[in-house]
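Below is one structure; the comments refer to it alone.
Just so you know, these numbers use all the heavy atoms, side chains as well, and skip hydrogens, waters and symmetry mates. Chain identifiers are assigned alphabetically (A, B, ...) following the order of the sequence lines, protein sequences preceding nucleic acid strands; residue numbering begins at 1 within each chain. These figures come from a predicted structure and were not determined experimentally.
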2 protein chains.
Amino acid sequence: MAREKIKIKKIVNITARQVTFSKRRRGLLKKAEELAVLCDADVALVIFSATGKLFEYASSSMQELLGKYKLHATNNADKANEPSLDLQLLETDEIRMGREVLEKNRELSQLRGEDLHGLSLEELQRLESMLEGGLHRVLETKDERIANEIASLQQKGFQLMEENKLLKQQMMTLISKGKRPRTMATELDNLVTNHEDQGQSSESVTTNVSGPPPEDDCSDTALKLALPFN
Amino acid sequence: MAREKIKIKKIVNITARQVTFSKRRRGLLKKAEELAVLCDADVALVIFSATGKLFEYASSSMQELLGKYKLHATNNADKANEPSLDLQLLETDEIRMGREVLEKNRELSQLRGEDLHGLSLEELQRLESMLEGGLHRVLETKDERIANEIASLQQKGFQLMEENKLLKQQMMTLISKGKRPRTMATELDNLVTNHEDQGQSSESVTTNVSGPPPEDDCSDTALKLALPFN
DNA sequence: ACGTCTATTTATAAACG
DNA sequence: TCGTTTATAAATAGACG
(Lines give C-alpha, C1' and ligand atoms only; values in the text may rest on other atoms or scores of the structure.)
Protein backbone atom coordinates (compact mmCIF):
# COMPACT_ATOMS: atom_id res chain seq x y z
CA MET A 1 0.00 0.00 0.00
CA ALA A 2 2.45 2.48 -0.99
CA ARG A 3 4.41 3.75 -3.91
CA GLU A 4 2.35 1.44 -6.06
CA LYS A 5 -0.77 -0.54 -5.54
CA ILE A 6 -0.13 -4.27 -5.73
CA LYS A 7 -2.34 -7.21 -6.60
CA ILE A 8 -2.90 -9.64 -3.75
CA LYS A 9 -1.30 -12.71 -5.27
CA LYS A 10 1.94 -14.54 -4.66
CA ILE A 11 4.93 -12.27 -5.24
CA VAL A 12 7.11 -13.95 -7.82
CA ASN A 13 10.41 -12.20 -7.10
CA ILE A 14 11.90 -14.13 -4.21
CA THR A 15 13.82 -11.26 -2.67
CA ALA A 16 10.86 -8.94 -2.83
CA ARG A 17 8.68 -11.68 -1.36
CA GLN A 18 11.00 -12.12 1.60
CA VAL A 19 11.21 -8.38 2.20
CA THR A 20 7.45 -8.01 2.07
CA PHE A 21 7.09 -11.00 4.34
CA SER A 22 9.23 -9.53 7.04
CA LYS A 23 7.52 -6.13 6.83
CA ARG A 24 3.96 -7.38 6.77
CA ARG A 25 4.67 -10.02 9.37
CA ARG A 26 5.68 -7.35 11.84
CA GLY A 27 2.63 -5.31 10.91
CA LEU A 28 0.32 -8.24 11.42
CA LEU A 29 1.84 -9.19 14.77
CA LYS A 30 1.54 -5.62 15.92
CA LYS A 31 -2.10 -5.35 14.90
CA ALA A 32 -2.89 -8.65 16.54
CA GLU A 33 -1.52 -7.35 19.80
CA GLU A 34 -3.32 -4.05 19.43
CA LEU A 35 -6.62 -5.83 18.91
CA ALA A 36 -6.04 -7.97 21.98
CA VAL A 37 -5.17 -4.98 24.13
CA LEU A 38 -7.73 -2.49 22.87
CA CYS A 39 -10.68 -4.85 22.82
CA ASP A 40 -9.75 -7.23 25.60
CA ALA A 41 -9.83 -10.15 23.16
CA ASP A 42 -7.86 -13.36 23.15
CA VAL A 43 -5.76 -13.57 20.02
CA ALA A 44 -3.47 -16.31 18.75
CA LEU A 45 -1.47 -15.83 15.59
CA VAL A 46 0.83 -18.41 14.06
CA ILE A 47 2.88 -17.69 10.95
CA PHE A 48 5.11 -20.08 9.05
CA SER A 49 7.35 -18.59 6.40
CA ALA A 50 7.59 -20.43 3.11
CA THR A 51 10.96 -21.67 4.34
CA GLY A 52 9.39 -23.11 7.48
CA LYS A 53 10.41 -20.56 10.09
CA LEU A 54 7.90 -19.95 12.84
CA PHE A 55 6.58 -16.63 14.15
CA GLU A 56 3.85 -16.32 16.70
CA TYR A 57 1.84 -14.08 18.95
CA ALA A 58 -0.53 -15.04 21.71
CA SER A 59 -2.33 -12.60 23.97
CA SER A 60 -2.11 -15.20 26.74
CA SER A 61 -0.78 -18.75 26.80
CA MET A 62 -0.71 -20.20 23.32
CA GLN A 63 -1.42 -23.66 24.68
CA GLU A 64 -4.44 -22.40 26.50
CA LEU A 65 -5.77 -20.57 23.48
CA LEU A 66 -5.30 -23.53 21.18
CA GLY A 67 -7.05 -25.74 23.69
CA LYS A 68 -9.93 -23.28 23.79
CA TYR A 69 -9.99 -23.22 20.01
CA LYS A 70 -10.07 -26.98 19.84
CA LEU A 71 -13.09 -27.04 22.13
CA HIS A 72 -14.99 -24.62 19.94
CA ALA A 73 -13.98 -26.38 16.75
CA THR A 74 -14.91 -29.83 17.98
CA ASN A 75 -18.16 -28.52 19.44
CA ASN A 76 -19.16 -27.09 16.12
CA ALA A 77 -18.03 -30.15 14.21
CA ASP A 78 -19.95 -32.41 16.53
CA LYS A 79 -23.17 -31.11 15.09
CA ALA A 80 -22.41 -32.90 11.85
CA ASN A 81 -20.17 -35.78 12.90
CA GLU A 82 -20.19 -38.41 15.59
CA PRO A 83 -18.80 -37.23 18.92
CA SER A 84 -15.56 -39.25 18.92
CA LEU A 85 -14.24 -37.02 16.16
CA ASP A 86 -11.28 -35.81 18.15
CA LEU A 87 -9.56 -39.14 18.00
CA GLN A 88 -10.34 -39.45 14.35
CA LEU A 89 -8.82 -36.09 13.68
CA LEU A 90 -5.58 -37.16 15.26
CA GLU A 91 -5.47 -40.24 13.11
CA THR A 92 -6.14 -38.36 9.94
CA ASP A 93 -3.50 -35.87 10.95
CA GLU A 94 -0.99 -38.66 11.13
CA ILE A 95 -2.11 -40.01 7.81
CA ARG A 96 -1.97 -36.61 6.23
CA MET A 97 1.52 -36.04 7.53
CA GLY A 98 2.56 -39.40 6.19
CA ARG A 99 1.23 -38.43 2.81
CA GLU A 100 3.06 -35.14 3.05
CA VAL A 101 6.32 -36.93 3.78
CA LEU A 102 5.87 -39.18 0.77
CA GLU A 103 5.05 -36.21 -1.41
CA LYS A 104 8.07 -34.24 -0.26
CA ASN A 105 10.31 -37.22 -0.82
CA ARG A 106 9.02 -37.64 -4.34
CA GLU A 107 9.63 -33.97 -5.05
CA LEU A 108 13.13 -34.13 -3.65
CA SER A 109 14.09 -37.20 -5.59
CA GLN A 110 12.74 -35.60 -8.75
CA LEU A 111 14.79 -32.50 -8.13
CA ARG A 112 17.77 -34.77 -7.65
CA GLY A 113 16.91 -36.26 -11.04
CA GLU A 114 16.33 -39.73 -9.66
CA ASP A 115 12.76 -40.55 -10.54
CA LEU A 116 12.00 -39.00 -13.88
CA HIS A 117 10.36 -41.81 -15.77
CA GLY A 118 6.73 -41.13 -15.02
CA LEU A 119 6.94 -37.48 -16.00
CA SER A 120 5.52 -35.78 -19.05
CA LEU A 121 7.53 -33.44 -21.18
CA GLU A 122 5.78 -30.48 -19.55
CA GLU A 123 6.67 -31.67 -16.07
CA LEU A 124 10.25 -32.14 -17.16
CA GLN A 125 10.30 -28.56 -18.45
CA ARG A 126 8.92 -27.36 -15.13
CA LEU A 127 11.60 -29.27 -13.23
CA GLU A 128 14.25 -27.92 -15.52
CA SER A 129 13.35 -24.29 -14.98
CA MET A 130 13.03 -24.83 -11.24
CA LEU A 131 16.50 -26.35 -11.10
CA GLU A 132 17.91 -23.62 -13.30
CA GLY A 133 16.38 -20.99 -11.06
CA GLY A 134 17.72 -22.63 -7.94
CA LEU A 135 21.15 -23.10 -9.42
CA HIS A 136 21.17 -19.51 -10.57
CA ARG A 137 20.38 -18.22 -7.10
CA VAL A 138 22.87 -20.54 -5.45
CA LEU A 139 25.61 -19.38 -7.78
CA GLU A 140 24.59 -15.79 -7.17
CA THR A 141 24.90 -16.03 -3.41
CA LYS A 142 28.06 -18.10 -3.72
CA ASP A 143 29.67 -15.48 -5.94
CA GLU A 144 28.55 -12.78 -3.60
CA ARG A 145 30.00 -14.59 -0.60
CA ILE A 146 33.28 -15.23 -2.40
CA ALA A 147 33.55 -11.62 -3.50
CA ASN A 148 33.01 -10.53 0.09
CA GLU A 149 35.65 -12.89 1.38
CA ILE A 150 38.15 -11.68 -1.19
CA ALA A 151 37.43 -8.06 -0.42
CA SER A 152 37.74 -8.77 3.26
CA LEU A 153 41.04 -10.56 2.75
CA GLN A 154 42.38 -7.70 0.68
CA GLN A 155 41.31 -5.24 3.31
CA LYS A 156 42.94 -7.24 6.08
CA GLY A 157 46.04 -7.71 3.97
CA PHE A 158 46.29 -4.00 3.42
CA GLN A 159 45.89 -3.31 7.11
CA LEU A 160 48.55 -5.88 7.90
CA MET A 161 50.98 -4.34 5.45
CA GLU A 162 50.44 -0.99 7.10
CA GLU A 163 50.94 -2.60 10.45
CA ASN A 164 54.13 -4.24 9.36
CA LYS A 165 55.45 -1.04 7.92
CA LEU A 166 54.83 0.76 11.17
CA LEU A 167 56.28 -2.03 13.23
CA LYS A 168 59.44 -2.02 11.14
CA GLN A 169 59.73 1.72 11.53
CA GLN A 170 59.38 1.33 15.29
CA MET A 171 62.01 -1.36 15.27
CA MET A 172 64.38 0.81 13.33
CA THR A 173 63.82 3.66 15.71
CA LEU A 174 64.50 1.45 18.70
CA ILE A 175 67.58 -0.04 17.13
CA SER A 176 68.96 3.28 15.91
CA LYS A 177 68.58 4.72 19.41
CA GLY A 178 70.72 1.89 20.64
CA LYS A 179 68.11 0.89 23.17
CA ARG A 180 67.94 -2.65 24.39
CA PRO A 181 64.70 -4.00 25.82
CA ARG A 182 64.72 -4.92 29.46
CA THR A 183 61.57 -7.02 29.27
CA MET A 184 59.36 -8.04 26.41
CA ALA A 185 56.35 -6.48 28.09
CA THR A 186 57.75 -2.99 28.18
CA GLU A 187 58.95 -3.22 24.62
CA LEU A 188 55.49 -4.25 23.44
CA ASP A 189 53.99 -1.42 25.43
CA ASN A 190 56.15 1.00 23.55
CA LEU A 191 55.27 -0.50 20.23
CA VAL A 192 51.57 -0.33 20.79
CA THR A 193 51.37 3.12 22.30
CA ASN A 194 53.69 4.64 19.74
CA HIS A 195 51.71 3.08 16.98
CA GLU A 196 48.44 4.45 18.29
CA ASP A 197 49.89 7.92 18.18
CA GLN A 198 50.51 7.69 14.46
CA GLY A 199 47.93 5.35 13.01
CA GLN A 200 44.43 6.67 12.22
CA SER A 201 42.43 3.60 11.22
CA SER A 202 43.94 1.20 13.67
CA GLU A 203 41.16 0.45 16.17
CA SER A 204 40.46 -3.03 14.91
CA VAL A 205 44.12 -3.84 14.55
CA THR A 206 45.19 -2.71 17.97
CA THR A 207 42.49 -4.85 19.52
CA ASN A 208 43.84 -7.85 17.69
CA VAL A 209 47.41 -7.08 18.69
CA SER A 210 46.87 -7.73 22.39
CA GLY A 211 49.27 -10.38 23.53
CA PRO A 212 50.88 -12.11 20.55
CA PRO A 213 53.74 -14.54 21.25
CA PRO A 214 56.84 -12.39 21.00
CA GLU A 215 58.77 -15.13 19.22
CA ASP A 216 56.60 -14.85 16.13
CA ASP A 217 57.88 -12.85 13.22
CA CYS A 218 55.64 -10.47 11.33
CA SER A 219 54.44 -12.87 8.66
CA ASP A 220 53.30 -15.35 11.24
CA THR A 221 51.31 -12.66 12.99
CA ALA A 222 49.68 -11.79 9.70
CA LEU A 223 48.55 -15.37 9.32
CA LYS A 224 47.01 -15.39 12.76
CA LEU A 225 45.08 -12.21 12.05
CA ALA A 226 43.81 -13.44 8.74
CA LEU A 227 42.31 -16.54 10.25
CA PRO A 228 39.29 -15.38 12.26
CA PHE A 229 36.80 -15.74 9.36
CA ASN A 230 35.88 -19.13 7.96
CA MET B 1 -5.70 5.66 13.47
CA ALA B 2 -7.89 8.29 12.30
CA ARG B 3 -9.60 11.42 13.40
CA GLU B 4 -7.61 11.15 16.54
CA LYS B 5 -4.67 9.15 17.67
CA ILE B 6 -5.51 6.67 20.39
CA LYS B 7 -3.43 5.02 23.08
CA ILE B 8 -3.08 1.25 22.78
CA LYS B 9 -4.80 0.21 25.97
CA LYS B 10 -8.15 -1.30 26.78
CA ILE B 11 -10.98 0.89 25.54
CA VAL B 12 -13.17 1.68 28.51
CA ASN B 13 -16.37 2.62 26.72
CA ILE B 14 -18.03 -0.69 25.97
CA THR B 15 -19.83 0.40 22.83
CA ALA B 16 -16.73 1.94 21.38
CA ARG B 17 -14.77 -1.19 22.28
CA GLN B 18 -17.19 -3.43 20.44
CA VAL B 19 -17.22 -1.18 17.39
CA THR B 20 -13.46 -1.10 17.31
CA PHE B 21 -13.35 -4.85 17.78
CA SER B 22 -15.48 -5.55 14.76
CA LYS B 23 -13.57 -3.10 12.59
CA ARG B 24 -10.11 -4.17 13.61
CA ARG B 25 -11.02 -7.82 13.56
CA ARG B 26 -11.94 -7.58 9.91
CA GLY B 27 -8.78 -5.66 9.18
CA LEU B 28 -6.64 -8.23 10.94
CA LEU B 29 -8.26 -11.18 9.16
CA LYS B 30 -7.81 -9.43 5.85
CA LYS B 31 -4.16 -8.72 6.49
CA ALA B 32 -3.56 -12.26 7.63
CA GLU B 33 -4.92 -13.57 4.36
CA GLU B 34 -2.91 -11.03 2.37
CA LEU B 35 0.29 -12.12 4.06
CA ALA B 36 -0.46 -15.77 3.34
CA VAL B 37 -1.21 -15.11 -0.31
CA LEU B 38 1.50 -12.56 -1.06
CA CYS B 39 4.33 -14.38 0.67
CA ASP B 40 3.26 -17.98 0.31
CA ALA B 41 3.20 -18.32 4.08
CA ASP B 42 1.08 -20.50 6.30
CA VAL B 43 -0.97 -18.35 8.63
CA ALA B 44 -3.36 -19.31 11.38
CA LEU B 45 -5.29 -16.66 13.30
CA VAL B 46 -7.67 -17.32 16.15
CA ILE B 47 -9.63 -14.55 17.83
CA PHE B 48 -11.92 -14.81 20.81
CA SER B 49 -14.01 -11.78 21.59
CA ALA B 50 -14.30 -10.75 25.22
CA THR B 51 -17.73 -12.36 25.11
CA GLY B 52 -16.27 -15.67 23.95
CA LYS B 53 -17.23 -15.65 20.29
CA LEU B 54 -14.74 -17.30 17.98
CA PHE B 55 -13.34 -15.88 14.76
CA GLU B 56 -10.64 -17.58 12.77
CA TYR B 57 -8.58 -17.62 9.62
CA ALA B 58 -6.27 -20.34 8.35
CA SER B 59 -4.40 -20.25 5.05
CA SER B 60 -4.77 -24.03 4.88
CA SER B 61 -6.22 -26.56 7.29
CA MET B 62 -6.30 -25.17 10.79
CA GLN B 63 -5.70 -28.64 12.20
CA GLU B 64 -2.61 -29.10 10.09
CA LEU B 65 -1.25 -25.70 11.01
CA LEU B 66 -1.79 -26.19 14.70
CA GLY B 67 -0.13 -29.59 14.45
CA LYS B 68 2.84 -28.01 12.77
CA TYR B 69 2.93 -25.34 15.44
CA LYS B 70 2.89 -27.90 18.19
CA LEU B 71 5.89 -29.60 16.65
CA HIS B 72 7.91 -26.41 16.58
CA ALA B 73 6.87 -25.55 20.08
CA THR B 74 7.82 -28.97 21.42
CA ASN B 75 11.08 -28.91 19.50
CA ASN B 76 12.08 -25.60 21.01
CA ALA B 77 10.70 -26.37 24.43
CA ASP B 78 12.50 -29.68 24.64
CA LYS B 79 15.78 -27.86 24.80
CA ALA B 80 14.84 -26.19 28.07
CA ASN B 81 12.09 -28.30 29.63
CA GLU B 82 11.60 -31.91 30.44
CA PRO B 83 9.87 -33.83 27.67
CA SER B 84 6.56 -34.13 29.49
CA LEU B 85 5.55 -30.63 28.51
CA ASP B 86 2.74 -31.56 26.18
CA LEU B 87 0.90 -34.39 27.80
CA GLN B 88 -1.85 -34.74 25.24
CA LEU B 89 0.02 -35.06 22.01
CA LEU B 90 3.42 -36.53 22.62
CA GLU B 91 2.78 -39.29 20.14
CA THR B 92 6.33 -39.88 19.11
CA ASP B 93 5.29 -40.96 15.64
CA GLU B 94 3.57 -37.70 14.94
CA ILE B 95 6.48 -35.70 16.16
CA ARG B 96 9.00 -37.73 14.26
CA MET B 97 7.01 -37.38 11.06
CA GLY B 98 6.55 -33.71 11.68
CA ARG B 99 10.26 -33.22 12.09
CA GLU B 100 10.76 -35.09 8.86
CA VAL B 101 8.34 -32.81 7.06
CA LEU B 102 10.06 -29.73 8.41
CA GLU B 103 13.43 -31.08 7.33
CA LYS B 104 12.19 -31.94 3.85
CA ASN B 105 10.65 -28.52 3.49
CA ARG B 106 13.92 -26.86 4.42
CA GLU B 107 15.77 -28.94 1.87
CA LEU B 108 13.24 -28.20 -0.83
CA SER B 109 13.32 -24.49 -0.24
CA GLN B 110 17.10 -24.54 -0.33
CA LEU B 111 17.06 -26.41 -3.61
CA ARG B 112 14.70 -23.77 -4.90
CA GLY B 113 17.31 -21.23 -3.84
CA GLU B 114 15.06 -19.46 -1.37
CA ASP B 115 16.77 -19.78 1.97
CA LEU B 116 20.48 -19.56 1.35
CA HIS B 117 21.62 -17.12 3.97
CA GLY B 118 22.56 -19.47 6.76
CA LEU B 119 24.71 -21.66 4.54
CA SER B 120 28.47 -21.95 4.50
CA LEU B 121 30.48 -21.89 1.32
CA GLU B 122 30.85 -25.67 1.47
CA GLU B 123 27.12 -26.18 1.78
CA LEU B 124 26.57 -23.87 -1.14
CA GLN B 125 29.01 -25.93 -3.18
CA ARG B 126 27.15 -29.09 -2.23
CA LEU B 127 23.83 -27.52 -3.24
CA GLU B 128 25.35 -26.35 -6.49
CA SER B 129 26.60 -29.75 -7.52
CA MET B 130 23.34 -31.39 -6.49
CA LEU B 131 21.40 -28.93 -8.62
CA GLU B 132 23.79 -29.36 -11.49
CA GLY B 133 23.47 -33.13 -11.25
CA GLY B 134 19.70 -32.95 -11.12
CA LEU B 135 19.55 -30.51 -13.99
CA HIS B 136 21.90 -32.68 -15.99
CA ARG B 137 19.74 -35.75 -15.53
CA VAL B 138 16.52 -33.89 -16.23
CA LEU B 139 17.96 -32.53 -19.47
CA GLU B 140 19.21 -35.98 -20.35
CA THR B 141 15.85 -37.63 -20.02
CA LYS B 142 14.16 -34.69 -21.68
CA ASP B 143 16.49 -34.93 -24.67
CA GLU B 144 15.99 -38.65 -24.75
CA ARG B 145 12.25 -38.25 -24.69
CA ILE B 146 12.35 -35.63 -27.41
CA ALA B 147 14.63 -37.76 -29.57
CA ASN B 148 12.23 -40.66 -29.18
CA GLU B 149 9.28 -38.55 -30.15
CA ILE B 150 11.07 -37.25 -33.20
CA ALA B 151 12.14 -40.72 -34.25
CA SER B 152 8.62 -41.95 -33.71
CA LEU B 153 7.21 -39.12 -35.78
CA GLN B 154 9.69 -39.78 -38.56
CA GLN B 155 8.81 -43.46 -38.52
CA LYS B 156 5.11 -42.74 -38.69
CA GLY B 157 5.69 -40.18 -41.40
CA PHE B 158 7.61 -42.70 -43.42
CA GLN B 159 4.86 -45.27 -43.02
CA LEU B 160 2.29 -42.73 -44.08
CA MET B 161 4.25 -41.85 -47.19
CA GLU B 162 4.39 -45.53 -48.10
CA GLU B 163 0.70 -45.79 -47.43
CA ASN B 164 -0.07 -42.84 -49.64
CA LYS B 165 2.08 -44.19 -52.43
CA LEU B 166 0.22 -47.48 -52.35
CA LEU B 167 -3.16 -45.83 -52.17
CA LYS B 168 -2.34 -43.69 -55.16
CA GLN B 169 -1.24 -46.74 -57.10
CA GLN B 170 -4.50 -48.45 -56.25
CA MET B 171 -6.40 -45.40 -57.36
CA MET B 172 -4.53 -45.27 -60.63
CA THR B 173 -5.19 -48.96 -61.23
CA LEU B 174 -8.88 -48.52 -60.57
CA ILE B 175 -9.12 -45.50 -62.81
CA SER B 176 -7.08 -46.94 -65.64
CA LYS B 177 -9.26 -50.09 -65.68
CA GLY B 178 -12.16 -47.77 -66.30
CA LYS B 179 -14.02 -49.17 -63.37
CA ARG B 180 -16.59 -47.06 -61.60
CA PRO B 181 -17.60 -47.83 -58.02
CA ARG B 182 -21.16 -49.09 -57.53
CA THR B 183 -21.10 -48.42 -53.82
CA MET B 184 -18.55 -46.80 -51.60
CA ALA B 185 -18.35 -49.84 -49.41
CA THR B 186 -17.14 -52.21 -52.08
CA GLU B 187 -14.55 -49.79 -53.31
CA LEU B 188 -13.15 -49.41 -49.83
CA ASP B 189 -13.11 -53.15 -49.42
CA ASN B 190 -10.97 -53.45 -52.48
CA LEU B 191 -8.58 -50.78 -51.34
CA VAL B 192 -8.06 -52.30 -47.95
CA THR B 193 -7.73 -55.94 -48.97
CA ASN B 194 -5.37 -55.15 -51.82
CA HIS B 195 -3.29 -53.05 -49.57
CA GLU B 196 -3.02 -55.76 -46.94
CA ASP B 197 -1.63 -58.15 -49.54
CA GLN B 198 1.33 -55.87 -50.19
CA GLY B 199 2.01 -53.95 -47.02
CA GLN B 200 3.98 -55.63 -44.20
CA SER B 201 3.89 -53.27 -41.21
CA SER B 202 0.46 -51.82 -41.63
CA GLU B 203 -1.59 -53.15 -38.74
CA SER B 204 -1.86 -49.89 -36.94
CA VAL B 205 -2.75 -48.07 -40.11
CA THR B 206 -5.45 -50.39 -41.31
CA THR B 207 -7.22 -50.21 -37.99
CA ASN B 208 -7.35 -46.47 -38.27
CA VAL B 209 -8.64 -46.58 -41.84
CA SER B 210 -12.06 -47.84 -40.94
CA GLY B 211 -14.68 -45.51 -42.41
CA PRO B 212 -13.02 -42.38 -43.77
CA PRO B 213 -15.16 -39.97 -45.77
CA PRO B 214 -14.66 -40.99 -49.42
CA GLU B 215 -14.65 -37.38 -50.63
CA ASP B 216 -11.27 -36.81 -49.03
CA ASP B 217 -8.18 -36.82 -51.19
CA CYS B 218 -5.01 -38.62 -50.24
CA SER B 219 -3.26 -35.75 -48.42
CA ASP B 220 -6.25 -35.26 -46.19
CA THR B 221 -6.20 -38.92 -45.25
CA ALA B 222 -2.54 -38.63 -44.33
CA LEU B 223 -3.38 -35.75 -42.04
CA LYS B 224 -6.02 -37.78 -40.26
CA LEU B 225 -3.65 -40.67 -39.78
CA ALA B 226 -0.88 -38.48 -38.41
CA LEU B 227 -3.02 -37.28 -35.53
CA PRO B 228 -3.29 -40.20 -33.06
CA PHE B 229 -0.10 -39.50 -31.12
CA ASN B 230 0.22 -36.45 -28.92
C1' DA C 1 19.30 -9.15 5.05
C1' DC C 2 18.11 -4.81 7.68
C1' DG C 3 17.26 0.12 8.41
C1' DT C 4 15.81 4.44 6.57
C1' DC C 5 13.21 7.39 3.58
C1' DT C 6 9.17 8.86 1.03
C1' DA C 7 5.13 8.84 -1.76
C1' DT C 8 1.03 6.41 -1.66
C1' DT C 9 -2.36 3.35 -0.29
C1' DT C 10 -4.96 1.44 3.65
C1' DA C 11 -6.97 1.24 7.92
C1' DT C 12 -9.69 3.32 11.00
C1' DA C 13 -11.62 6.88 14.90
C1' DA C 14 -15.16 9.73 15.23
C1' DA C 15 -19.41 11.47 13.61
C1' DC C 16 -23.73 10.90 11.55
C1' DG C 17 -27.93 8.35 9.81
C1' DT D 1 -25.96 -2.35 16.16
C1' DC D 2 -24.88 -1.50 11.66
C1' DG D 3 -23.45 1.19 7.31
C1' DT D 4 -21.40 5.42 5.39
C1' DT D 5 -18.55 9.30 5.43
C1' DT D 6 -14.39 11.74 6.21
C1' DA D 7 -10.22 13.37 8.16
C1' DT D 8 -6.24 11.53 9.82
C1' DA D 9 -2.99 8.00 11.49
C1' DA D 10 -0.58 3.82 10.00
C1' DA D 11 1.21 0.64 6.95
C1' DT D 12 3.92 -0.28 3.32
C1' DA D 13 6.11 -0.69 -1.83
C1' DG D 14 9.96 0.58 -3.82
C1' DA D 15 14.42 2.64 -3.70
C1' DC D 16 18.88 3.26 -1.54
C1' DG D 17 22.91 2.29 1.43
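Comparing H117(B) and K23(B) by the nucleotide of DNA chain C whose heavy atom lies nearest to each, the residue mapping closer to the 5' end is H117(B). Closest-nucleotide positions on DNA chain D for S22(B) and A16(A) were compared, and the one nearer the 5' end corresponds to S22(B).
The shortest side-chain heavy-atom distance between I47(B) and F21(B) falls under the 4.5 Å cut-off.
Closest to the T20(B) side chain, of the nucleotides dA1(C), dT4(C), dA13(C), is dA13(C). Proximity note for K5(A) (side chain, C-beta onward) versus dT6(D), dT9(C), dT12(C): the nearest is dT9(C). Here the side chain of R24(A) is nearest to one of dA13(D), dT1(D), dA1(C), namely dA13(D).
Taking atom CD1 on I6(B) and atom C1' on dA15(C), their separation rounds to 16 Å, with Å as the unit. One atom, CG of L38(B), and another, P of dG14(D), lie 10 Å apart when rounded to the nearest Å. E34(A) has its CD atom 11 Å from the C1' atom of dA9(D), to the nearest Å. Nucleotide dA9(D) holds its P atom 14 Å from the NZ atom of K31(A), rounded to whole Å.
Remark: R26(A) is not in phosphate contact with dT12(D), judged by side-chain N or O atoms under 4.0 Å from OP1 or OP2. Under 4.0 angstrom from either OP1 or OP2 of dA11(D) there lies at least one side-chain N or O belonging to K30(A). Listed pair T15(A) / dA1(C) fails the phosphate criterion, with no side-chain N or O lying under 4.0 Å from OP1 or OP2.
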Inset, instruction - Decide salt bridge (Lys or Arg N to Asp or Glu O under 4.0 Å) for E103(B) and R106(B); before the verdict, give the C-alpha distance in whole Å, the side-chain angles of both, and the deciding distance to 0.1 Å. - result: CA-CA 5 Å; E103(B) 176 61 22; R106(B) 208 178 50 78; 3.2 Å; yes
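Summarising the geometry of S49(A) relative to F55(A), their closest heavy-atom pair is CB-CE1, 4.3 Å, with the distance given to 0.1 Å.
No donor-acceptor contact under 3.5 angstrom links the side chains of H136(B) and E132(B), judged on distance only.
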